[in-house]
Amino acid sequence: MTWTIAKDSGAVSFTNWLGDTSHDDILGNLGTPDGAVPVSGGHTVGSNERKGHFEIFPGQTKFLYDDLFFHMPMMILVLDGDGKVVGCNKSTLETLGYSEEELTGKHCFEILDTESQQLLRRDVFPEFFNSGFIGNTSLSFIKKGMQRVDVLVSAIGYKNQTGRVERTVAVLTDMREHSQTQAALRQSEQRFRNSFEAAAHGMAILTVDGRLSAVNEAFCEMLGLSELDLLSRSLIDIVDEDDVSKLQQLVTRIRDHGKGGHGEIRFKGSEDRTLHVLTSVSGVRDGNGKVDQFIVQAVDISTRQKAEEHLRQAQKMEAVGQLTGGIAHDFNNLLTVVIGNLQLVEGALEGNDKALKRAREAIDAATKGSELTKQLLAFARRQSLAPQELKVNDLIEGMSGILQRSVGEDVSLRIDLMEGDPEVKADPTQLETSILNLAINARDAMKQKGNGRLTIETSFETLDREYCAEHEEVEPGQYVMIAVSDTGDGIPKHLLHKVFQPFFTTKEVGKGTGLGLSMVFGFIKQSGGHMKVYSEEGDGTSFKMYLPLRSMSGDIPKPKPEEPKKEVKAKILVVEDQESVRDVAVEFLESFGYEAVSYTHLTLPTTSA
């Protein structure tokens, strides 16, 4: 007789479950029309007239289902009511090392070790005979060669009308493969954990509701917050309010389209810092394809942002300098012609006091205009300088008198000079003018307070590559820093980037040209230096000028005195492309007794090698 095991979803049977008819009497007396009885969990055991095989689905070809059962990739054992093997597949035979004939008919205890037998009797069978189910129980089978195989067993029992288990179908999973899978999973988790902790950039794991469930050390360091502080927050809590929508768009994109994304998002760090962070968000999905957590990767690009801002500012200042320098140069040429001709006219007006007075007024006005153009040329770094080796401390000490008179008695002047005798190469007149200009600005900034303190100090500074990376126009090296600091009201933060722009001033109309700081800035840059301003509203301002250090020894050879020359009538070559300027220069030189030769341009002779 052939037996078929059926489920609600369809009949399932296995070939060669019964090799004999010892159990025919059990089903022969069931008293049901079709020989079928209900069993645990909705399963039934049924009779079939076709002998020697088990049908998986009734009416299908025997060989198809025999082949399907035999080649199933997992191990399958079928036991009768006495616990003997009545069916198995290829995977079972290969794993245990038996042939089908050798294994069929063996009691299950014959192929289990002693501990597994005891476990079945003590813990598993009582529950199994009641529920008809065994779930993921670890047992050890004995192979033909007496080697042990650890397996996970899940089984379903099929009962007859009296409640006795007549058939057991057991699915076995080789624990070696399971262990390998678990080891690979643990290794993968460990790799991720190591990468997560050791990552140079910030990483965080979010729950589906956006709360931080894990953060790495770099993420904590970036924000300046402890892991404990962060794990109690939602990610939105540490994102700038104006960028929350950007973050939400990234998350929505992952949920709706399954694609990660990145963007620049501002984060709120410790001490009210705002960080510009390149943020990448990706989703991790569960077995059902639903996002159950997010991985956030964060790279702090604040330094790069500052460097880019410095570069933009430097390019802006360079463009303004080129524009103002070109205009100032041409305008200065025009004023040279005006002033020169007025001075020539002045000499011819002796005796005509009224006309002479007006000529001198015109000369004064033109001269003031020329001074303004020189300030513009200084900002554009196109002024004529006379650089020389000079001792910074000596120059500042020599200015102490004029500095005190310039700032007035209400301002306390403090001069703090570094040890040693630092030397720089710069135009001493322009450096004195720059320091005096900054001192007068400081005085004006402290007027509202009625008094204050002006500090002028020097120090040795090294500007390293890290600093120069943020200020691309600066060369790494050793510098002498000259700082002019006041205790005034300070400069508002939003105006700091404008202070060196020409014609920018916070003074009342008519009380400042806005060219003083731009002139100082241009002079320092033209001298190969660097200038920086630091200010806090209510606490004062400090302007720092950095000039390349030449030496600290001060041992500079003095030039030999020139021998007196015999008086000779000199011939002077005048080269100027603008005719009006050239004519004025020639006329002046001739009025002083020189012989002047003029050209619009000069071509030097070439020599062959």
Side-chain angles (χ1 to χ4, degrees), residues 185-186 188-313 315-316 469-470 492-498 537:
L185 179 60
R186 287 193 297 270
S188 176
E189 291 176 347
Q190 188 62 43
R191 279 199 299 265
F192 174 78
R193 183 178 298 278
N194 292 343
S195 300
F196 182 83
E197 293 296 340
H201 61 279
M203 293 186 70
I205 298 176
L206 305 181
T207 60
V208 288
D209 60 353
R211 303 197 69 81
L212 292 158
S213 61
V215 292
N216 69 350
E217 185 176 353
F219 195 85
C220 298
E221 290 178 353
M222 179 183 73
L223 297 174
L225 299 170
S226 70
E227 182 178 5
L228 185 61
D229 289 336
L230 289 169
L231 294 182
S232 64
R233 302 189 186 188
S234 168
L235 184 63
I236 292 178
D237 295 340
I238 56 175
V239 171
D240 188 277
E241 289 80 0
D242 294 334
D243 285 354
V244 169
S245 59
K246 288 184 182 179
L247 180 63
Q248 291 174 336
Q249 288 174 3
L250 291 177
V251 172
T252 301
R253 181 182 178 187
I254 295 171
R255 283 176 173 164
D256 295 347
H257 306 290
K259 296 180 179 179
H262 64 272
E264 183 182 324
I265 295 176
R266 286 169 294 178
F267 279 72
K268 295 182 288 189
S270 61
E271 300 176 355
D272 295 327
R273 292 180 302 137
T274 298
L275 305 174
H276 293 265
V277 179
L278 185 60
T279 306
S280 172
V281 183
S282 57
V284 178
R285 299 182 180 276
D286 60 18
N288 297 320
K290 185 178 180 181
V291 175
D292 63 353
Q293 60 183 359
F294 298 95
I295 296 179
V296 177
Q297 301 187 64
V299 179
D300 185 1
I301 58 173
S302 302
T303 302
R304 189 182 79 183
Q305 287 277 19
K306 290 179 182 177
E308 291 176 351
E309 181 60 31
H310 282 302
L311 178 59
R312 285 192 293 268
Q313 187 66 14
Q315 291 173 337
K316 176 182 177 181
E470 298 183 15
K493 188 175 181 179
H494 68 281
L495 296 178
L496 278 175
H497 68 286
K498 296 183 178 181
E537 288 189 74

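As a basis for the values below, the full set of heavy atoms in this structure was taken, side chains included, without hydrogen atoms, waters or symmetry mates.
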Hey, does the side chain of [X] reach the backbone of [Y] with a donor-acceptor pair shorter than 3.5 angstrom?
X: R273; Y: S270; result: yes
X: S213; Y: I205; result: yes
X: N194; Y: R191; result: no
X: D240; Y: H276; result: no
X: D243; Y: I265; result: no

Taking all atoms of both residues into account, what is the closest heavy-atom pair of [X] and [Y], and its distance?
X: L250; Y: G263; answer: CD1-N, 4.4 Å
X: A218; Y: A200; answer: CB-O, 3.7 Å
X: S195; Y: M203; answer: O-SD, 4.5 Å
X: A298; Y: F219; answer: CB-CE1, 4.1 Å
X: V291; Y: G283; answer: CG1-CA, 4.4 Å
X: S234; Y: G210; answer: OG-O, 3.4 Å

With the side chain counted from C-beta on, respond yes when [X] and [Y] share a heavy-atom pair under 4.5 Å apart, and no when they do not.
X: L206; Y: L212; result: yes
X: K290; Y: V208; result: no
X: K246; Y: T279; result: no
X: L247; Y: V281; result: yes
X: L228; Y: L231; result: no

**Request:** Check whether more than 12 heavy atoms from other residues, nucleotides or ligands sit under 6.0 Å from atom CG of D209, and answer yes or no.
**Result:** yes
**Message:** Does atom CD (E217) have a neighbourhood of more than 12 heavy atoms from anything else shown, all under 6.0 Å?
**Reply:** no
Report the distance from atom [atom1] of [X] to atom [atom2] of [Y], rounding to the nearest 0.5 Å.
X: M222; Y: L275; atom1: CE; atom2: CG; result: 6.5 Å
X: L230; Y: L225; atom1: CG; atom2: CG; result: 5.0 Å
X: Q249; Y: I254; atom1: CD; atom2: CD1; result: 12.5 Å
X: D229; Y: E227; atom1: CG; atom2: CD; result: 10.5 Å
X: F196; Y: N216; atom1: CZ; atom2: CG; result: 5.0 Å
X: R193; Y: E197; atom1: CZ; atom2: CD; result: 7.0 Å

**Prompt:** Are H201 and L278 close enough, and set up right, to give a side chain to side chain contact (heavy atoms under 4.5 Å, CB included), and what steps lead you there?
**Reply:** CA-CA 10 Å; H201 61 279; L278 185 60; over 6 Å; no
**Prompt:** In terms of side-chain geometry, is the basic nitrogen of E241 or K268 positioned less than 4.0 Å from the acidic oxygen of its partner?
**Reply:** yes
